[in-house]
Amino acid sequence: MTTPAPKSMDAIMALCKRRGFIYQASEIYGGINGFWDYGPLGAQMKKNLRDAWWQDMILSPCWGRKGPGGQRVHCVPLETCIIQHPKVWEASGHIAGFNDPMVDDKETKQRFRADQLSGLFPEPSIHSSLEQIRPQCTVIASTVGEAIELLSADKSLRKAAGVRAIGQSFPDAGVIEADFGTGMARWNVALVPMSLLRDHARDVPSPYTGKKGSLTEPRQFSLMFFTYTGAVLDEDNKVYLRPETAQGIFVQFKNVVDTSRVKVPFGIGNTGRSFRNEITPRNFTFRSREFEQAELEFFCHPSESQDWYAFWRDFRMDWWKAIGLAGDNLILREHEKDELSHYSIGTSDVEYRFPFTSPGFGELEGIAHRGCFDLTQHQQHSGVKQDYFDQERGDPLPNGSRKGERYLPHVIEPAAGLDRGALALICEGYTRDESRPSPEFLKLHPRIAPIKAAVFPLVNKDGMPEVAEKLHADLSRRFGHLGFIETDPKQSIGKRYARMDEAGCPFCFTIDGDTLTGQTVTLRDRDTGQQQRIAIDQAPAMLGEKLQR
RNA sequence: GCGGGCGUAACUCAGUGGUAGAGUGACAGCCUUCCAAGCUGUACGUCAGGGGUUCGAAUCCCCUCGCCCGCUCCA
């Protein structure tokens with residue numbers, strides 16, 4: 001299978017700017033790395049995407065599709081704060097996980113994670129205590145097996161490390177035979193302890209050059225944004241901006257259960273901004289430091305969790321297809337076992353082939369089976385029970401009811417990136433067709449398009465503008481809550497069509513001479529340029545029907 | 001974080017030491033009965049920012065910021 005040539009990202013970015021979809025944040029001050037703003041059309045488009053998610057996930061979940069047990073899917077919304085108690089992030093593991101200590105090699109200017117450095121250590125002798133043992137050489141590898149494999153396979157790596165020859169290796173024992181110029185000897189392979197890197201960085205050889213003295217001490221890189229509550233800048237007042245919306249849901253799980261008559265299985269949805277201090281913001285809005293998520297946490301009985309996982313994975317894929325990403329550029333990718341988070345039983349990504357990832361793919365949404373990891377963590381850290389009493393489970397009682405069962409629900413998490421979704425829809429919709437009068441246009445799904453329709457008088461005279469004005473007012477009343485309804489009497493009709501094509505407006509109504517005599521208008525389709533003539537009083541119903549699809 | 005490329009009007013770009021330009025777009029008017037048509041006119045620039053060299057800098061030098069690409073990273 002051949003991959004079609006990727007669309008020009010430069011052209012897409014130029015269109016986004018030109019038509020007011022996406023601007024660089026703080027542009028007049030030179031911009032700020034990793035932040036982007038949405039212009040008028042972009043803001044409306046993203047709202048449409050968010051509304052579509054809300055509609056299909058919360059208000060009418062899964063288009064009415066039944067769950068694995070044949071039951072109706074039930075979800076409720078929640079809106080939680082960007083700033084939560086700092087302990088939320090301790091419990092979730094983000095504070096630890098987001099603060100990987102890194103080591104730089106000052107000579108080569110390269111950087112690696114301090115906990116991913118392995119070394120070849122001499123066997124301890126009676127003359128040296130364990131604290132004095134220094135690695136003879138190092139390689140970047142987080143496991144003993146990986147280190148041995150790298151040394152065995154990579155000749156240039158051996159050269160950098162000063163290894164002249166490799167003998168036998170015993171991965172299970174963590175031992176390898178190597179000759180550093182003093183004859184073949186046995187070496188213990190082990191992770192370089194953090195304490196050694198911290199206190200004796202100068203004694204640790206660089207994994208890049210084999211030379212000692214060029215490594216820095218491990219340094220913290222905070223991937224979470226923080227600020228202070230209250231006016232006093234005191235470490236005790238330090239709080240974090242959330243890196244995901246999900247934790248807000250978990251910490252309110254009990255409240256939702258206790259106050260909203262929900263029964264497991266059910267979902268809680270939450271959309272909103274999250275913040276990650278990305279090391280390398282890149283690729284337009286794809287990896288932004290401030291971004292918007294649409295996350296659902298679906299709580300279910302552990303025994304049903306696998307079925308719900310498959311259910312949500314499939315539905316989410318179908319959903320992206322339904323709003324305009326149908327085709328080879330969209331895939332569902334099941335994570336390999338070694339790719340999974342420590343707590344996850346299964347994860348799938350919905351991925352899109354962006355022009356800048358092609359022929360590879362970039363993640364739009366992750367659907368994760370999180371087990372009961374989060375509720376367990378919060379139960380432990382907060383001391384507040386998070387278990388659920390299910391009255392419909394357990395042994396039958398004589399009176400016909402059930403004894404009930406107490407358990408920590410398992411969680412399926414479909415977590416979508418709205419900015420990435422919007423970007424994918426723009427990339428997918430961006431089309432150049434030189435055979436058209438307006439070669440450049442944006443094929444946005446009617447549900448997502450920020451401009452829903454335009455009404456044009458063919459010429460700006462003979463009473464046509466007045467008729468257009470009236471139809472515009474009518475359509476605005478009925479559909480204005482979904483997006484813009486435009487009208488424009490100026491300039492040539494071709495130019496006005498072209499403008500709408502470029503902005504992704506799917507439908508144009510045109511008032512012409514026949515409207516005045518026969519009460520009909522033409523309805524032009526953006527993608528084909530084809531027109532059909534309909535009665536003017538049918539226009540609202542016709543548009544309503546087309547916007548539903 | 002490293003390496004490379006780039007930054008001039010809303011967009012695409014020309015301008016390599018001597019008065020900041022073109023096309024497109026936008027806006028106004030005329031014209032116009034279906035696809036960026038035509039005519040007339042108007043507005044639009046901290047030449048990414050700062051510093052330096054020079055009589056004079058968009059142009060040469062230094063620093064910073066931003067964007068793109070390749071590494072790296074992506075809990």
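We name chains A, B, ... by the order of the sequence lines, and we start the count at 1 in each one.
- A:D462 comes within 4.0 angstrom of a base, heavy atoms only.
- Taking side-chain N and O atoms only, A:K17 has no distance below 4.0 Å to OP1 or OP2 of B:A10.
- Of the P atoms belonging to B:C13 and B:U8, the separation is 9 Å, rounded to the nearest Å.
- At a threshold of 4.0 angstrom between heavy atoms, the contacts of A:M9 with the nucleic acid are absent.
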Distances under 3.5 Å between protein N/O atoms and the N/O atoms of nucleotides 64-66 of chain B, please, pair by pair.
from: B:G66; atom 1: OP1; to: A:N33; atom 2: N; distance (Å): 3.3
from: B:G66; atom 1: O4'; to: A:G30; atom 2: O; distance (Å): 3.1
from: B:G66; atom 1: O3'; to: A:Q24; atom 2: NE2; distance (Å): 3.1
from: B:G66; atom 1: O2'; to: A:Q24; atom 2: NE2; distance (Å): 2.5

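- Base-pair partner of B:G41: B:C27 (Watson-Crick or G-U wobble, both distances under 3.5 Å).
- With both ends at atom C1', the span from B:G41 to B:C34 equals 27 Å, rounded to whole Å.
- Comment: A:R333 engages A:D349 in a salt bridge, judged by a side-chain N to carboxylate O separation of less than 4.0 angstrom.
- Distance CG (A:N283) to P (B:C71): 11 Å, rounded to an integer number of Å.
- Taking side-chain N and O atoms only, A:K490 has a distance below 4.0 Å to OP1 or OP2 of B:G29.
- Using the six-membered ring where Trp is involved, A:F456 and A:Y497 have ring planes that are tilted, between 30° and 60° apart.
- If you take atom C1' in B:A20 and the same atom in B:C27, they sit 23 Å apart, rounded to whole Å.
- Between A:R287 and A:E363, no side-chain nitrogen of the basic residue sits less than 4.0 Å from a carboxylate oxygen of the acidic one, so the salt-bridge criterion is not met.
- A salt bridge between A:D501 and A:R524 is present, with a side-chain N of the basic residue lying under 4.0 Å from a carboxylate O of the acidic one.
- If you check every strand for non-hydrogen atoms under 4.0 Å, A:R524 touches a base.
- Under the 4.0 Å criterion applied to side-chain N and carboxylate O atoms, A:K546 and A:D525 are not assigned as salt-bridge partners.
- Comparing the same atom, P, in B:C30 and in B:G49 gives a spacing of 40 Å after rounding to whole Å.
- The pair A:K212-A:D203 fails the salt-bridge criterion, with no side-chain N (NZ, NE, NH1 or NH2) lying under 4.0 Å from an Asp/Glu carboxylate O.
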